[in-house]
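Throughout, numbering of the chain's residues begins at 1 and tracks the sequence. Start at 1 and go down the list; that is how both ligands and their atoms are numbered.
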Amino acid sequence: MKIIIIQGSSRSTGNTSVIISALRTHLQADLLDLRTINISPYDYENANRGDDFLPAMRNIVTYDLIILVTPVYWYSMSGLMKNFLDRLTDCLKIEKETGRKLRGKALAVIACGSDNNQTPGFFEPFKLSAAYLGMDYLGSLHTWLVGEPEIEVLNSLSGFAESLKKQKAE
Ligand SMILES: Cc1cc2nc3c(=O)[nH]c(=O)nc-3n(C[C@H](O)[C@H](O)[C@H](O)COP(=O)(O)O)c2cc1C
């Protein structure tokens with residue numbers, strides 16, 4: 001099973017990356033850091049079709065499981081992650097064959113906030129988008145980080161990784 005983790009933090013080596021490193025001790029996965037590529041906001045005229053989004057998507061659709069990891073910014077996903085989701089519209093309008101390849105792929109989402117209070121409805125946009133795209137939603141996990149990760153967070157990441165592996169094996 002090929003797995004890609006898509007990191008949506010405004011800093012490459014912040015808290016979200018610590019969570020991703022902990023996850024990668026349990027799962028063998030490649031990493032795409034959205035901060036290192038140029039994905040501009042959705043444009044109705046598709047004037048941005050030459051940026052890095054479509055090449056990134058052509059690579060992403062070669063994976064079986066896509067894990068989106070976003071920090072919690074203002075009770076929601078990061079702007080980088082939202083831009084990325086908005087641009088999936090390009091795969092429905094201007095490059096449909098890439099969009100069709102998302103069907104049947106697995107999706108999972110991890111949030112990283114500053115405490116263990118999960119914002120109600122945080123994961124709904126991901127679940128609904130997965131359903132719309134014909135993807136198999138394997139689950140969500142809320143984590144948090146201030147300094148070193150708490151044992152509860154590390155254990156939840158380990159359990160989440162096991163659950164993803166088990167679901168993909170079924
Ligand atoms: C712009 C901004 C907004 C934030 N909003 C929230 C929030 O609504 N809820 C929360 O728990 N933490 C919030 N935080 C804290 C971050 O979610 C938390 O520090 C996270 O671990 C940061 O991950 P990062 O280092 O990858 O950016 C916010 C941080 C920033 C920079």
Side-chain angles (χ1 to χ4, degrees), residues 2-43 48 51-53 55-57 59-61 63-90 102 105-133 135 137-165:
K2 270 182 81 186
I3 307 174
I4 186 163
I5 295 171
I6 301 181
Q7 174 174 323
S9 171
S10 286
R11 50 182 181 174
S12 290
T13 56
N15 294 347
T16 305
S17 86
V18 171
I19 294 297
I20 288 172
S21 298
L23 180 70
R24 289 173 98 191
T25 64
H26 304 288
L27 280 179
Q28 204 188 332
D30 292 332
L31 177 67
L32 170 63
D33 177 359
L34 292 179
R35 198 174 161 272
T36 64
I37 58 173
N38 175 33
I39 298 181
S40 52
Y42 179 71
D43 181 76
N48 50 14
D51 73 6
D52 295 333
F53 176 73
M57 277 311 296
N59 177 41
I60 290 166
V61 297
Y63 288 83
D64 308 300
L65 168 59
I66 299 160
I67 307 177
L68 304 178
V69 189
T70 177
V72 179
Y73 290 164
W74 289 101
Y75 311 99
S76 189
M77 72 182 84
S78 67
L80 272 179
M81 188 60 79
K82 184 61 167 57
N83 256 354
F84 175 75
L85 286 196
D86 286 355
R87 289 294 298 281
L88 290 175
T89 309
D90 290 9
L102 286 170
K105 302 277 178 189
L107 184 75
V109 181
I110 299 175
C112 175
S114 51
D115 61 36
N116 65 359
N117 292 319
Q118 184 183 314
T119 303
F122 185 93
F123 294 105
E124 286 306 300
F126 299 101
K127 283 184 206 163
L128 294 169
S129 301
Y132 189 85
L133 294 164
M135 299 179 78
Y137 195 76
L138 300 193
S140 331
L141 179 70
H142 176 80
T143 67
W144 64 95
L145 199 64
V146 180
E148 291 298 307
E150 291 180 27
I151 193 74
E152 189 182 341
V153 168
L154 294 175
N155 287 342
S156 70
L157 283 164
S158 156
F160 193 64
E162 289 316 310
S163 142
L164 296 179
K165 284 192 265 191

Worksheet item: Which pairs count as salt bridge (charged side-chain N to carboxylate O under 4.0 Å, His left out) when at least one residue sits in residues 65-83, sequence neighbours excluded?
Response: K82-D86
Worksheet item: Under 3.5 Å, is there a donor-acceptor pair between the side chain of S78 and the main chain of T70?
Response: no
Worksheet entry | side chain to side chain donor-acceptor pair (under 3.5 Å) assessment of Y137 paired with S140 | CA-CA 9 Å; Y137 195 76; S140 331; 2.7 Å; yes
Practice prompt. State, to 0.1 Å, how close A108 and F160 come at their nearest heavy-atom pair, and which atoms those are.
Written response: CB-CZ, 4.0 Å
Discussion item. Any non-hydrogen side-chain atom of N15 less than 4.5 Å from a side-chain atom of W144?
Written reply: no
Worksheet entry | Heavy-atom donor-acceptor pair, D30 side chain to I4 backbone, under 3.5 Å | no
Practice prompt. Run through ligand 1 for me and note each protein residue having a heavy atom under 4.0 Å from it, chain first, then residue number.
Written response: S9, R11, G14, N15, T16, P71, V72, Y73, W74, Y75, C112, G113, S114
